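Quick caveat: nothing in here was measured; it's all calculated off a predicted structure. Both ligands and their constituent atoms are indexed starting at 1 by order of listing.
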Amino acid sequence: MTPLSAPVPPVPSEVPLGTVAWLRASVARFSNGPDHVRRRALAVDALAPVDVDALQRNAFERTSRIAAGLDVVDVMADIARPVPVGVLAEALGLPDVSADVVPVAAAYHPHVTPDAAAEAALTRLIAACGGPSERTAARIGLLVQACDATAGLIGNELFASLTGKPAGQPVLATRRRIGGEDVSVPLAGTPFGAGPRACPGSRHAVALATGVLEALRGFRLTERETPWVGAPNLRLPAHLWVTRGRAVSGFC
Ligand code: HEM
């Protein structure tokens with residue numbers, strides 16, 4: 001058995017309905033065995049009818065619209081999260097719930113204690129997705145999984161293309177329970193994971209990122225330094241300021 005096909009560290013299952021803890025306990029990402037197989041199938045089935053070319057086109061159009069109204073764009077806050085999540089939500093037949101997905105994504109992983117804003121955002125998301133059920137959790141799970149990871153893909157590729165530095169992968173490692181211990185398993189060289197839990201949204205993520213990056217062609221870094229997210233298993237800009245104007249970074 002490869003480390004990536006080992007079980008994930010389990011999350012508590014006796015949790016209040018409709019909370020962030022309930023979301024974790026109801027999605028494929030933190031499930032094992034038959035629960036994982038069934039919940040993963042719900043996510044894969046929800047993604048199956050989505051037209052990836054339309055995702056790319058819509059991401060291009062939304063990004064162009066947002067960027068047209070701004071002199072300086074913080075790609076991470078203004079575009080890299082709301083555009084992919086909004087476009088994917090629309091493709092899943094949902095309203096643009098991106099403003100609620102962002103705080104839930106920040107509270108999704110089990111080491112984070114969700115704040116009241118994340119819980120309130122999840123309550124609205126559950127209502128928008130049809131009430132608390134495994135199917136609803138699967139749809140919210142897709143949007144939440146897409147949020148920071150696709151933002152990382154966009155931020156890293158854009159930073160690399162503007163600086164000539166290599167683009168790192170956004171998700172550097174994941175967790176597994178091996179020999180009774182919770183361990184970090186590196187994802188070097190497999191940015192979308194591998195095995196039975198490999199990312200089911202990789203084609204969708206690449207299409208969304210491609211549409212966004214096409215729309216940002218011709219933009220340049222500003223003179224503000226790019227800060228990076230300070231989590232050991234993630235590598236993505238916290239902010240990435242670009243402008244349509246003359247290059248001022250010295251890189252371009
Ligand atoms: C449209 C965008 C995306 C969607 C809908 C999506 C969806 C998902 C879902 C539902 C899972 C859980 C699969 C399971 O547990 O069986 C997953 C896992 C994963 N995703 Fe994505 N994802 C997206 C973008 C990305 C991006 C951009 C990356 C990184 C470049 C990424 C990397 C991963 C990795 C590494 C895993 C596996 C984690 C592990 O094995 O522990 N995803 N994704």
Side-chain angles (χ1 to χ4, degrees), residues 1-11 23-52 54-56 58-59 80-92 94 98 101 105 108-110 134-135 137-158 160 167-178 182-213 229 233-236:
M1 183 167 47
T2 64
L4 281 177
S5 49
V8 291
V11 293
L23 178 66
R24 291 178 192 139
S26 309
V27 289
R29 179 68 182 77
F30 304 113
S31 305
N32 287 307
D35 284 343
H36 175 251
V37 172
R38 186 182 68 254
R39 291 166 177 170
R40 183 178 168 91
L42 286 174
V44 169
D45 288 353
L47 278 179
V50 172
D51 175 350
V52 288
L55 290 181
Q56 183 171 332
N58 292 340
R81 287 183 177 82
V83 169
V85 172
V87 169
L88 184 60
E90 185 182 50
L92 295 174
L94 298 168
S98 55
V101 171
Y108 180 60
H109 284 277
E134 264 191 1
R135 182 170 173 272
R139 295 165 94 196
I140 296 173
L142 287 172
L143 297 170
V144 165
Q145 291 276 157
C147 186
D148 290 345
T150 310
L153 197 59
I154 291 166
N156 290 359
E157 291 294 330
L158 185 61
Q169 60 186 71
V171 188
L172 301 174
T174 187
R175 309 279 301 165
R176 292 292 186 268
R177 180 158 288 186
I178 299 176
D182 294 349
V183 296
S184 176
V185 178
L187 290 168
T190 53
F192 290 102
R197 319 183 82 95
C199 179
S202 56
R203 284 186 317 120
H204 309 77
V206 169
L208 290 161
T210 303
V212 168
L213 292 169
V229 167
N233 61 333
L234 295 175
R235 175 74 182 157
L236 65 152

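Atom numbering of ligand 1 starts at 1 in the shown order; those under 4.0 Å from a heavy atom of Pro191 are 29 (C), 30 (C), 32 (C), 35 (C). Ligand-side atoms of ligand 1 in range of His36: 14 (C), 15 (O), 16 (O), range being under 4.0 angstrom from any heavy atom. Close contacts of ligand 1 with Gly193, meaning ligand atoms under 4.0 Å from a residue heavy atom, involve 35 (C). Counting the atoms of ligand 1 from 1 in the order shown, those under 4.0 Å from a heavy atom of Leu187 are 35 (C). Listed by number with element, the atoms of ligand 1 under 4.0 Å from a non-hydrogen atom of His204 are 1 (C). The contact set between ligand 1 and Thr150, taken as ligand atoms under 4.0 Å from a residue heavy atom, comprises 2 (C), 24 (C), 27 (C). Atom numbering of ligand 1 starts at 1 in the shown order; those under 4.0 Å from a heavy atom of Arg197 are 13 (C), 14 (C), 16 (O), 37 (C), 40 (O).
Scanning the protein heavy atoms around atom 25 (C) of ligand 1, the nearest turns out to be Ala149 CB, 3.6 Å. Ranking protein heavy atoms by distance to atom 11 (C) of ligand 1, first place goes to Pro200 CD, 3.5 Å. With hydrogens left out, the protein atom closest to atom 7 (C) of ligand 1 is Gln145 CB, 3.5 Å, a heavy atom. For atom 41 (O) of ligand 1, the closest heavy atom belonging to the protein is Thr174 OG1, 2.5 Å. Closest to atom 21 (Fe) of ligand 1, if we only count protein heavy atoms, is Cys199 SG, 2.3 Å. With respect to atom 4 (C) of ligand 1, the closest heavy atom belonging to the protein is Gly201 CA, 3.8 Å.
The side chain of Pro170, and not its backbone, has at least one atom closer than 4.0 Å to an atom of ligand 1 (non-hydrogen atoms only; side chain from C-beta on). With a 4.0 Å heavy-atom cut-off, ligand 1 is reached by the side chain of Arg176 but not by its N, CA, C or O. Using a 4.0 Å cut-off between heavy atoms, Gln169 makes no contact with ligand 1 at all. The backbone and the side chain of Arg29 each have at least one atom closer than 4.0 Å to an atom of ligand 1 (non-hydrogen atoms only). Residue contacts with ligand 1, taken as heavy atom pairs separated by less than 4.0 Å, do not involve Val8 at all.
Look at Gly141 and you'll find every heavy atom at least 4.0 Å from all atoms of ligand 1. Remark: distances from the non-hydrogen atoms of Arg39 to ligand 1 are all 4.0 Å or more.
Looking only at distances, no side-chain donor or acceptor of Arg177 sits under 3.5 Å from a matching main-chain atom of Ala6.
The minimum heavy-atom distance linking Pro84 with Ile154 is given by the pair CG-CD1, 3.7 Å.
Crowding of Arg175 atom CZ: a count of heavy atoms from other residues, nucleotides or ligands under 6.0 Å exceeding 12.
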